[in-house]
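Take a look at the structure below.
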2 protein chains.
Amino acid sequence: MRKTNIKELAKILNFSVATVSKALRDSHEISEQTKKKVLEAAKEFNYTPNPYASSLRRKRSKTIAVILPEVADNFFSLAINGIQSIAEKKGYHVLIYLSHENFVIEQSFVEDCRSGRVDGLLISVTSETQNGAHIQKLLDEKLPVVFFDRELESIAAPKVITNDYECGFNSARLLLERGCQNIRFFSVSSDLAICSKRAEGFLAALAEAGLPNENAICYFSANDTHTHEHIKEVIANRGTVDGIVASVERLAIQTYLACHELGVQIPDELKVVAFSTVETAPILNPSLTTITQPAFEIGKNAADILFTLMEGKDYGYTKKPVIIPSVLVERKSTQNKTGA
Amino acid sequence: MRKTNIKELAKILNFSVATVSKALRDSHEISEQTKKKVLEAAKEFNYTPNPYASSLRRKRSKTIAVILPEVADNFFSLAINGIQSIAEKKGYHVLIYLSHENFVIEQSFVEDCRSGRVDGLLISVTSETQNGAHIQKLLDEKLPVVFFDRELESIAAPKVITNDYECGFNSARLLLERGCQNIRFFSVSSDLAICSKRAEGFLAALAEAGLPNENAICYFSANDTHTHEHIKEVIANRGTVDGIVASVERLAIQTYLACHELGVQIPDELKVVAFSTVETAPILNPSLTTITQPAFEIGKNAADILFTLMEGKDYGYTKKPVIIPSVLVERKSTQNKTGA
DNA sequence: TTGAAAGCGCTAACAA
DNA sequence: TTGTTAGCGCTTTCAA
């Protein structure tokens, strides 16, 4: 059946378009009887409102954008679910952009958000992103932006993150307590706040234990197709290294794969802790000790704040990021044979 | 800096809006000199075209929708990447809708696509979806739709899937070859073609081996929060069952988790094959034998076909789905101690 | 090669 | 309570 627009509907009903429009939006200035007639006709004649006409007129798109590096990562998948759970409630659409850890792509997506296509933006930046000028531009134009997880310290916008420093600290502490003497932190970027803060905490724990080590942080570029080989190399030539903290999910998986390929025994020869939300952590070989980020909650909170902002309310942002703590779950990858 | 619209830009340049519009779209009827001036001014005065005004006028949105059950599943994550790889090339935006395996949600998303918001739809239906009337409606209104993975047999639209029947057959065969006597197929739905075809193949292999079994298919509703308990129950009370085929990723992970919790030894007590694209398959305990679907390729192909359709070309759709075969990778979860 | 004008479908101020 | 009218920002005839 053909679709109808508001004009045709008005003609059919012998009302003006204005009346029909108001009736459809359930305006109080329209009589119940008219509303009923309009709604019925709308259904009968297969009326579908054109969202673009409405957006153009109202200067609101009922759409938010989410820019993130990757979706094939459980953290981001869960975060998207959290975001959608809120967007759905508000009747908003979600436009998802994947930057693939590429700064240039991220820039062009952010640029695109300036067009009025979206009413707000949630972003987790790439590991390459050092500069926030593109995002500042949005902010200057009064488009609400909220960071989640991977934020930019130089930009003054709401942020929802986890307790990175503390978790970095605890991860190193755990390894040291389990007897490790020479540990490494696998990072994807020195610029990403989440990585640098986790690394800082990690280094602080080393320092506290009297084991400072300037070479403890290893970098693996996030969009390098040879990460696997690089990790394998590092592990193969690890010397006395006996413990690793993987700062993101992908590095954790790569580390495990490398160890399997090289026949390196976890945890006997090498202990591993990972920042990760992989569901399979308990069934990995060996089960993986994780620092599990509250991914869904982070997404949900970020979206909540974004909507508060979009509704013109000041949500009481005080320059301090919202911090939702992660949970350390110890499994076999850090345990000694004796059980601890 | 403030944004400019085309009217303001025209005034600044002392051209008409028409000229500016044409220059911006690189029309052949505008002189090079004028184009250059316009482009420069556009940059200088921070011009950003309003996509909604453009969409309204041109009746094209430069946006496609992807409706899928879930994103926290590696198959769908990879498929999204495949879709985006094409959309990006075409300068299209991708609106992602998660139906969470809920038919009512799916329906409302599909309904929403009728509004002109998108120029085409890629869909993988929920496990609840039995009826395709909502999708037929779009087709009737000439909106291009392409199914990927989870299709609806009753709807005549292009489909990109994998060789489900064959893979179902091979999965059962493998288990039987490894000595299993009593095997089960874990399904999420009897309506989903992917599941029923995989199950058919599975049953055919059983019949061929002279082991027909009407109770070989076990159903676990996809949006049941108690799947884990149900699977655990089935495995605990498995009797002589010695082999399982998990038809989707989530069931595979749940099966492993259940076995771990129950102390059931894979592969000694129970062999497991899974339709899955999980990266962690080789590092699971034990490593998981998988039928790996070409998820990225499926997404990519589906998007390719959708764009062909949207460009008004008939891509030569002949009622036959495009089939991209999966790859069976045997790992420890189906091997006997002796190595085979 | 450029411009005037109409209009995509809808909303909102104002009038009736 | 309903209707008239003027756009939102852009594209596209058609005329100059």
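Each chain gets a letter, A, B and so on, in the order the sequences are listed, and its residues count up from 1. Every heavy atom of this structure was used, including side-chain atoms; hydrogens, water molecules and symmetry mates were not.
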Could you tell me which residues satisfy side chain to side chain donor-acceptor pair (under 3.5 Å) with [X], sequence neighbours excluded, listed by chain and number?
X      : result
B:S55  : none
A:D191 : A:Q130
B:T126 : B:T129
B:S54  : none

field: End-to-end axis angle, where each axis spans five pairs of the helix from C:dT1-D:dA16 to C:dA16-D:dT1, to 10°
entry: 40°
- prompt: Side chains of B:N46 and A:R114: donor-acceptor distance under 3.5 Å anywhere?
  reply: yes
- line: So ring pair (Phe, Tyr, Trp, His ring centres under 6.0 Å) across residues 34-63 of chain A, not counting sequence neighbours, yields A:Y52-B:Y52
- request: Just grab all the ring pair (Phe, Tyr, Trp, His ring centres under 6.0 Å) pairs involving residues 70-99 of chain A, residues at least two apart or on different chains.
  value: A:Y92-A:F307, A:H93-B:Y97, A:Y97-A:F109, A:Y97-B:H93
- request: Would you mind listing every salt bridge (Lys or Arg N to Asp or Glu O under 4.0 Å) that reaches into residues 17-29 of chain B, with sequence neighbours excluded?
  value: B:K22-B:E29, B:D26-B:K35
query: Just the endpoints, please: which first and last nucleotides of DNA chain D, 5' to 3', lie under 4.0 Å from a heavy atom of chain A?
result: D:dT1 to D:dG9
task: Tell me what B:T34 touches on the nucleic acid: a base, only sugar-phosphate, or nothing, going by heavy atoms under 4.0 Å.
output: sugar-phosphate
message: Run the salt bridge (Lys or Arg N to Asp or Glu O under 4.0 Å) test against A:D73 and tell me which residues pass, sequence neighbours left out.
response: none
task: List in chain and number order the residues that pass salt bridge (Lys or Arg N to Asp or Glu O under 4.0 Å) with A:K313, two or more places apart in sequence or in another chain; answer none if no residue qualifies.
output: A:E311
Contact pattern, 5' to 3', of nucleotides 6-16 of chain C - B, S or - by protein heavy atom under 4.0 Å: BBBBBBBB---
